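The structure appears below as structure tokens.
A note on names: the letters A, B, ... follow the listed sequences, proteins ahead of strands, and every chain is numbered from 1. Because the structure is a prediction, the values reported are computed rather than measured. Hydrogens, waters and symmetry mates play no part in the numbers below; they use all other heavy atoms, side chains included.
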Amino acid sequence: MNMPRKMASWHCFQKSLVRATNRGKSMKFSQLFLPVLKEDPAEAQVVSHKLLVRAGMIRQVTSGVYNWLPFGLQVLRKVENIVREEMNRAGAQEVLMPMVQPAELWQETGRWQKYGAELLRFTDRHEHESCLGPTHEEIVTDLFRRNVYSYKQLPLNVYQIQTKFRDEIRPRFGLMRGREFMMKDAYSFDENKKSALESYATMRDAYHRIFKRLELDYRMVLADSGSIGGDHSNEFHVLAATGEDDLLFDPNGDYAVNVEKHDAENCPVAEDQLEKAKGIEVGHIFYLGTVYTDPMEVKIQGQEGNLQPVHMGCYGIGVSRIVAAAIEQNHDEHGIIWPMALAPYHVGIIDLRPDDEACKQAAEKTIAALSEKGLTYAHDDRAEKPGAKFATMDLIGLPWQCTLGPRELADGLVEWKNRRTGERTKLAVGELPAELSNAMAVAA
RNA sequence: CGGGGCGUGGCGCAGCCUGGUAGCGCGUCUGGUUUGGGACCAGAAGGCCGGAGGUUCGAAUCCUCUCGCCCCGACCA
């Protein structure tokens with residue numbers, strides 16, 4: 001190499017920078033911790049649980065508690081990022097609150113008594129009682145009252161994406177009802193009800209954007225407020241046969257309701273016009289009013305210098321549950337079919353003969369073409385039989401597959417397959433299907 | 001918590017009724033032959049049968065207790 005020394009090291013630095021940037025975005029199967037299973041795990045009942053385990057995304061540690069493996073974590077992060085972007089766009093600010101919470105705050109609201117056995121309590125070495133956070137109204141309200149004093153600082157909306165723990169009576173269905181799970185929880189603070197309902201509407205709109213971006217078939221329904229309290233709430237459900245909730249909705253209008261909340265007497269739509277569907281609850285938003293701020297004696301100063309109550313709203317999204325719900329809604333007999341927005345990688349490169357020179361070159365060209373478009377890929381470079389590679393790629397559900405093999409490469413062609421439609425096309429090496437080429441532009 | 005089921009190499013299972021010292025398929029490792037929809041041959045590794053106690057000459061198998069997991073019900077993102 002006749003490059004000046006400085007140049008050479010700069011060149012190397014750039015290369016390593018690129019490698020570092022791409023780390024986690026693209027991967028070789030031969031190096032990936034992706035333990036796939038041919039058979040369904042005995043303990044799994046629902047399809048999302050079976051496929052999450054078979055596709056090497058999660059492994060159970062104990063009842064309702066899971067390890068996230070690299071492939072699964074990629075998807076979880078995709079969901080998180082979409083949620084995060086839309087929360088930020090809606091003006092909410094990200095914080096991170098603790099999992100361990102002192103009993104005193106829960107005693108202030110009376111929930112230390114009311115919450116029941118689902119609240120996992122424990123005592124530390126100082127005989128001090130604590131719990132693992134199943135939700136954060138107490139913590140966030142305490143944070144607020146210690147730091148916000150004036151109407152001028154409102155409205156305020158903070159959120160976090162964090163691990164929650166609820167000691168469920170019966171965890172089940174894998175990620176659907178775990179004890180430990182990932183949740184996005186947001187909390188809004190306003191100086192009056194009118195403003196609080198505007199904050200509520202802002203969050204509601206953000207939720208619609210989130211579920212659209214996640215490419216999921218969902219419904220927003222009227223809901224019961226449950227134990228959280230408050231008098232106004234909507235749930236967001238992903239439609240799926242395995243859903244635990246029954247929904248009623250007007251296919252020609254906006255009206256939709258959880259049957260728990262349904263009241264035939266006051267329903268604005270004729271009973272026979274309503275359609276039924278099963279839903280998986282993945283989001284729930286509440287107007288809380290002052291149910292937490294009153295007992296915790298939260299007051300702010302208004303324009304006249306008077307002390308006035310604070311109106312809250314809280315807004316949850318079951319981030320890890322969305323991963324399961326997405327699979328319930330997007331799979332076939334061969335495995336998962338990821339929407340582009342959630343796919344751990346956009347393209348799976350099925351390299352039938354990684355030892356073959358033509359395949360090597362084709363893989364390089366394909367990778368270059370994908371990188372140029374900002375698409376990520378997983379490269380199956382294992383020395384497996386073709387059938388095993390096809391089956392694995394179908395199972396893990398990357399939206400596009402590109403098969404490189406000596407047969408087609410003799411004519412300079414590779415085969416592209418759309419995982420969802422099964423449609424196959426033969427294209428020149430390095431050429432991408434138009435649909436895929438456009439995908440990134442559409443997403444952006 | 002009430003009702004039901006199940007714990008046997010990494011995964012899926014058989015063996016248990018009728019005690020005699022653990023087997024099958026997949027996966028893994030070595031070598032070779034293969035290579036377009038889960039290959040073949042030849043070798044090999046890997047299990048105190050969830051745990052404790054008991055019965056017995058002898059327990060995966062019978063008895064008691066215990067722990068864990070799954071399913072059905074009341075609760076929830």
Give a yes/no answer on whether the side chain of [X] brings an N or O atom under 4.0 Å of OP1 or OP2 in [N].
{"X": "A/Thr135", "N": "B/A77", "result": "no"}
{"X": "A/Lys38", "N": "B/C11", "result": "no"}
{"X": "A/Gln60", "N": "B/C70", "result": "yes"}

Separation of [X] atom [atom1] from [N] atom [atom2], in whole Å?
{"X": "A/Leu76", "N": "B/A77", "atom1": "CG", "atom2": "P", "result": "18 Å"}
{"X": "A/Leu352", "N": "B/G37", "atom1": "CG", "atom2": "P", "result": "9 Å"}
{"X": "A/Ile169", "N": "B/G73", "atom1": "CD1", "atom2": "P", "result": "12 Å"}
{"X": "A/Leu37", "N": "B/U28", "atom1": "CG", "atom2": "C1'", "result": "13 Å"}
{"X": "A/Arg382", "N": "B/G36", "atom1": "CZ", "atom2": "C1'", "result": "15 Å"}
{"X": "A/Glu118", "N": "B/A77", "atom1": "CD", "atom2": "P", "result": "9 Å"}
{"X": "A/Arg179", "N": "B/C70", "atom1": "CZ", "atom2": "C1'", "result": "14 Å"}
{"X": "A/His49", "N": "B/C71", "atom1": "NE2", "atom2": "C1'", "result": "13 Å"}

NZ or CZ of A/Arg219 within 45° of A/Phe249 ring axis and under 6.0 Å: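 A/Arg219 over A/Phe249 ring: yes.
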Stacked cation flag A/Arg420 on A/Trp400, 6.0 angstrom / 45 deg: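 Geometry flag: not set, cation outside 6.0 Å or 45°.
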Go through [options] for me and flag the one nearest to the [X] side chain.
{"X": "A/Pro386", "options": "B/C75, B/G36, B/A39", "result": "B/G36"}
{"X": "A/Asp394", "options": "B/C76, B/U35, B/G37", "result": "B/G37"}
{"X": "A/Glu43", "options": "B/G36, B/C71, B/G12", "result": "B/G12"}
{"X": "A/Thr392", "options": "B/G38, B/G37, B/C70", "result": "B/G38"}
{"X": "A/Met183", "options": "B/A77, B/C75, B/C69", "result": "B/A77"}

Given the side-chain rings of A/Phe33 and A/Phe71, with only the six-membered ring counted for Trp, is the space between their centroids under 6.0 Å?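 Not under 6.0 Å, so no.
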Indicate, yes or no, whether a donor-acceptor pair under 3.5 Å links the base of [N] to the side chain of [X].
{"X": "A/Arg170", "N": "B/G3", "answer": "no"}
{"X": "A/Arg166", "N": "B/C76", "answer": "no"}
{"X": "A/Asp40", "N": "B/G12", "answer": "no"}
{"X": "A/Glu39", "N": "B/G25", "answer": "yes"}
{"X": "A/Thr62", "N": "B/G68", "answer": "no"}
{"X": "A/Glu415", "N": "B/G36", "answer": "yes"}

Determine yes or no for a side-chain-to-main-chain donor-acceptor pair under 3.5 angstrom, with A/Arg321 supplying the side chain and A/Met176 the backbone.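 Yes, the answer is positive, given that a donor and an acceptor are paired below the 3.5 Å cut-off.
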Main-chain N/O of A/His136 paired with A/Tyr187 side-chain donor or acceptor, under 3.5 Å: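 Present.
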Searching all strands shown, indicate the nucleotide that pairs with [N] (Watson-Crick or G-U wobble; both distances under 3.5 Å).
{"N": "B/U64", "result": "B/A52"}
{"N": "B/G38", "result": "none"}
{"N": "B/U18", "result": "none"}
{"N": "B/A44", "result": "B/U28"}
{"N": "B/G58", "result": "none"}
{"N": "B/G2", "result": "B/C72"}

Please measure how far the [atom1] atom in [N] lies from the corresponding atom in [M], and state the result in whole Å.
{"N": "B/U66", "M": "B/A39", "atom1": "P", "result": "48 Å"}
{"N": "B/G12", "M": "B/C65", "atom1": "P", "result": "29 Å"}
{"N": "B/G15", "M": "B/G3", "atom1": "C1'", "result": "29 Å"}
{"N": "B/A60", "M": "B/C16", "atom1": "C1'", "result": "7 Å"}
{"N": "B/U8", "M": "B/A22", "atom1": "C1'", "result": "8 Å"}
{"N": "B/G25", "M": "B/A44", "atom1": "P", "result": "15 Å"}
{"N": "B/C49", "M": "B/A74", "atom1": "P", "result": "40 Å"}
{"N": "B/C62", "M": "B/G5", "atom1": "P", "result": "15 Å"}

Counting any heavy atom closer than 4.0 Å, what does [X] reach on the DNA or RNA strands: base, sugar-phosphate only, or nothing?
{"X": "A/Gly116", "answer": "nothing"}
{"X": "A/Ala42", "answer": "sugar-phosphate"}
{"X": "A/Gly174", "answer": "nothing"}
{"X": "A/Tyr315", "answer": "nothing"}
{"X": "A/Gly405", "answer": "base"}
{"X": "A/Pro354", "answer": "nothing"}

Name the residue closer to the 5' end of RNA chain B, choosing between A/Gln401 and A/Ser63 according to the nucleotide with the nearest heavy atom.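 Here A/Gln401 is the residue nearer the 5' end.
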Judged by each residue's nearest nucleotide on RNA chain B, which is more toward the 5′ side, A/Arg54 or A/Phe236?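 The residue whose closest nucleotide sits nearer the 5' end is A/Arg54.
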Report yes if the ring of A/Phe181 lies under 5.5 Å from the six-membered base ring of B/A77 with planes under 30°, and no otherwise.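 Per 5.5 Å and 30° rule: yes, stacked.
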Using side-chain contact (heavy atoms from CB on, under 4.5 Å) as the criterion, point out the one residue from A/Val75, A/Leu76, A/Thr163 that pairs with A/Ser320.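 Of the listed residues A/Val75, A/Leu76, A/Thr163, the side-chain contact (heavy atoms from CB on, under 4.5 Å) partner of A/Ser320 is A/Leu76.
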Candidates A/Asn157, A/Val158, A/Ile210 - the one meeting side-chain contact (heavy atoms from CB on, under 4.5 Å) with A/Met87: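 With A/Met87 as partner, A/Asn157, A/Val158, A/Ile210 yield a single side-chain contact (heavy atoms from CB on, under 4.5 Å), made by A/Ile210.
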Report yes if the side chains of A/Val298 and A/Phe144 come closer than 4.5 Å at any heavy-atom pair, otherwise no.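 A/Val298 reaches A/Phe144 side chain to side chain.
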Step by step, would you call A/His208 with A/Phe236 a ring pair (Phe, Tyr, Trp, His ring centres under 6.0 Å)? CA-CA 9 Å; A/His208 281 297; A/Phe236 289 76; 5.3 Å; yes
